[in-house]
S.K.: 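Have a look at this one before I ask anything.
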Protein chains: 2
Amino acid sequence: MSIPPLPGALEKIAVYETANALHSLAIHLLRRARAADRESGLSPERLSVLSVLTFAGPRTVSALAELEGVSAPAISRIVSGLEKEGLVKRERSTQDARQVRVAITNKGKSLVEAARRRRIERIAEELIRLRPGELGKLREAARVLARLEGEEKGAPRRLRQRKRNAGT
Amino acid sequence: MSIPPLPGALEKIAVYETANALHSLAIHLLRRARAADRESGLSPERLSVLSVLTFAGPRTVSALAELEGVSAPAISRIVSGLEKEGLVKRERSTQDARQVRVAITNKGKSLVEAARRRRIERIAEELIRLRPGELGKLREAARVLARLEGEEKGAPRRLRQRKRNAGT
DNA sequence: ATTAATATTTAACAAGGTTAAATATATTGT
DNA sequence: ACAATATATTTAACCTTGTTAAATATTAAT
């Protein structure tokens, strides 16, 4: 608990404590999820692109780059890899022949769905050990957080631009 | 919601729904946190090693490898980078001259603390928008999850071995 | 005292990140 | 219409981080 005693009311300190707790728990949860992903045989980057294509539908290379927060060349290469494994299909756009639309194949789709199932399964495995009434508490908390997230979805999203620390 | 209708009681389905919700929220939370990390100017890998050294104290190269779930050569190189920036110090062990103990420097420590503060700050920024009473719900949920996590800490931990998908 | 085991580093390679440059197609201005 | 410009993608060259295999140094064991 090395959270600094920022100036503010007691309530604000409780906010920090809770933020801290949620942070730890999120790390724990996603560690399990990522571990489950390894069974897919795909790298996290490829699996992520595949997931985006699953929930967002076919997308151009630049759209994928934007969504993943990486450069277009990075996506181009990842798509090449996925294509070679038959998990996505590239197709020149008819409206604008500069664009390339990337679509997930059925093979890719089932791979993503299996991976997602494993992720959720791993988390659910932990929840089974909950005591009576505790599941309800989690659901309430999830609803609260989902509302927070939903609200900011309304605001225009900042363009993320990942930056690697190159030559020090 | 492509969660399969696994055989089981209604309660089990609720478990899956909650797992699903928690999963989404964890992703959202950590995305923010990672974004904040970029301000540190360190790569995620280096920052992670630095964090481990902060909370676990000085460690040998192999211990770090085990904790990070990567190979010893990978850690060795990362430590070299951190050392060059003056964030850690290498020191041959006196008990066993084969081992190298890695310790964080003051510079490294303040860098990690600043990064951690930023992470928590980003999460807290969202929580400020909570309605009265909602913070309490989150705290209860956090306590429940922390107990689950704490319990399994008791069991011996499996050795993680990260595996990159090499030649496809 | 050899021999075997352990800890770290170095070497050689793959994946994925970057920016810059090459290519192809659209769009715009005169 | 056509030359100039802008946009979308890919290729090229380089960096970081992952891997495994081999080199080195030190400890443990027969």
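Quick note on labels: first sequence line is chain A, next is B, and so on, each numbered from 1.
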S.K.: Side chain of A/Ala97 only, heavy atoms from C-beta on: which candidate in C/dG16, D/dT17, C/dA26 is closest?
M.R.: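 The answer is C/dA26, which lies nearest to the side chain.
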
S.K.: Return whichever of B/Arg90 or A/Pro73 has its heavy-atom-nearest nucleotide of DNA chain C closer to the 5' end.
M.R.: B/Arg90

S.K.: Testing B/Thr105, B/Leu87, B/Leu47 one by one against B/Leu82 for a side chain to side chain contact (heavy atoms under 4.5 Å, CB included), which residue passes?
M.R.: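 Only one option passes, and that is B/Leu87.
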
S.K.: CD of B/Glu85 versus C1' of D/dT16: gap in Å, rounded?
M.R.: 12 Å

S.K.: Among D/dT19, C/dT18, D/dT9, find the nucleotide with the atom closest to the side chain of A/Val61.
M.R.: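 Minimum distance to the A/Val61 side chain belongs to D/dT9.
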
S.K.: Judged by modelled atom types alone, do A/Arg46 and A/Ser40 share a side-chain donor-acceptor pair under 3.5 Å?
M.R.: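 Checked: A/Arg46/A/Ser40 side chains show no N/O donor-acceptor pair below 3.5 Å.
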
S.K.: May I ask you to evaluate whether B/Ser76 reaches the phosphate of C/dT10, defined as a side-chain N or O under 4.0 Å from OP1 or OP2?
M.R.: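 It does not, given that no N or O in the side chain of B/Ser76 lies less than 4.0 Å from OP1 or OP2 of C/dT10.
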
S.K.: Let me know the distance between CG of A/Leu64 and P of C/dG16, rounded to the nearest Å.
M.R.: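 About 15 Å, once rounded to whole Å.
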
S.K.: Find the distance A/Arg38:CZ to C/dA15:C1' and express it as a whole number of Å.
M.R.: 17 Å

S.K.: Indicate the atoms forming the closest heavy-atom contact of B/Gly108 with B/Leu50, along with that distance.
M.R.: O-CD2, 4.2 Å

S.K.: Calculate the interatomic distance between B/Gln99 atom CD and C/dA5 atom P; express it in whole Å.
M.R.: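 Taking atom P of C/dA5 as the reference, CD of B/Gln99 is at 19 Å.
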
S.K.: What is the distance, rounded to the nearest whole Å, between atom CD1 of A/Ile75 and atom C1' of D/dT9?
M.R.: 12 Å

S.K.: What's the closest nucleotide to the A/Arg98 side chain, out of C/dT8, C/dA26, D/dT10?
M.R.: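 Out of C/dT8, C/dA26, D/dT10, the nucleotide with an atom closest to A/Arg98's side chain is C/dA26.
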
S.K.: Looking at the side chain of B/Val70, which of C/dG17, C/dT9, D/dG18 is the nearest nucleotide?
M.R.: D/dG18

S.K.: Using atom CZ of B/Arg101 as one end and atom P of D/dT26 as the other, report the distance to the nearest whole Å.
M.R.: 18 Å

S.K.: C/dT8, OP1 or OP2 - any side-chain N/O from B/Arg92 closer than 4.0 Å?
M.R.: no

S.K.: How do B/Ile78 and B/Asp96 order along DNA chain D: which one's closest nucleotide is nearer the 5' end?
M.R.: B/Ile78

S.K.: Distance only, no hydrogens: is a donor on one side chain within 3.5 Å (strictly under) of an acceptor on the other, for A/Asn20 and B/Arg116?
M.R.: yes

S.K.: Before accepting this row, confirm whether a basic side-chain N of the pair A/Glu151/A/Arg147 lies closer than 4.0 Å to the acidic partner's carboxylate O.
M.R.: yes

S.K.: Quick check on D/dT16: is either OP1 or OP2 less than 4.0 Å from any side-chain nitrogen or oxygen of B/Ser43?
M.R.: no

S.K.: Measuring from atom CZ of A/Arg59 to atom CD1 of A/Ile75, what distance do you get when rounded to the nearest 0.5 angstrom?
M.R.: 13.0 Å

S.K.: Is there a side-chain contact between A/Ser80 and the phosphate of D/dT10, meaning an N or O under 4.0 Å from OP1 or OP2?
M.R.: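 No, no such contact exists.
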
S.K.: Which whole-number value in Å describes the distance from B/Glu45 CD to C/dG17 P?
M.R.: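 B/Glu45 atom CD is separated from C/dG17 atom P by 11 Å.
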
S.K.: Assign each of B/Arg77 and B/Ser62 to its nearest nucleotide of DNA chain C by heavy atoms, then name whichever residue's nucleotide is nearer the 5' end.
M.R.: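 That would be B/Ser62.
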
S.K.: State which of C/dT9, D/dT10, C/dA7 makes the closest approach to the side chain of B/Ala72.
M.R.: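 So the side chain of B/Ala72 is nearest to C/dT9.
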
S.K.: For the pair made of CG in A/Leu82 and P in D/dT10, what is the distance, rounded to whole Å?
M.R.: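 Rounding to the nearest Å, CG of A/Leu82 and P of D/dT10 are 13 Å apart.
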
S.K.: B/Thr60 near the nucleic acid: base, sugar-phosphate alone, or nothing, with a heavy-atom cut-off under 4.0 Å?
M.R.: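 Sugar-phosphate contact only - B/Thr60 comes under 4.0 Å of backbone atoms but never of a base.
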
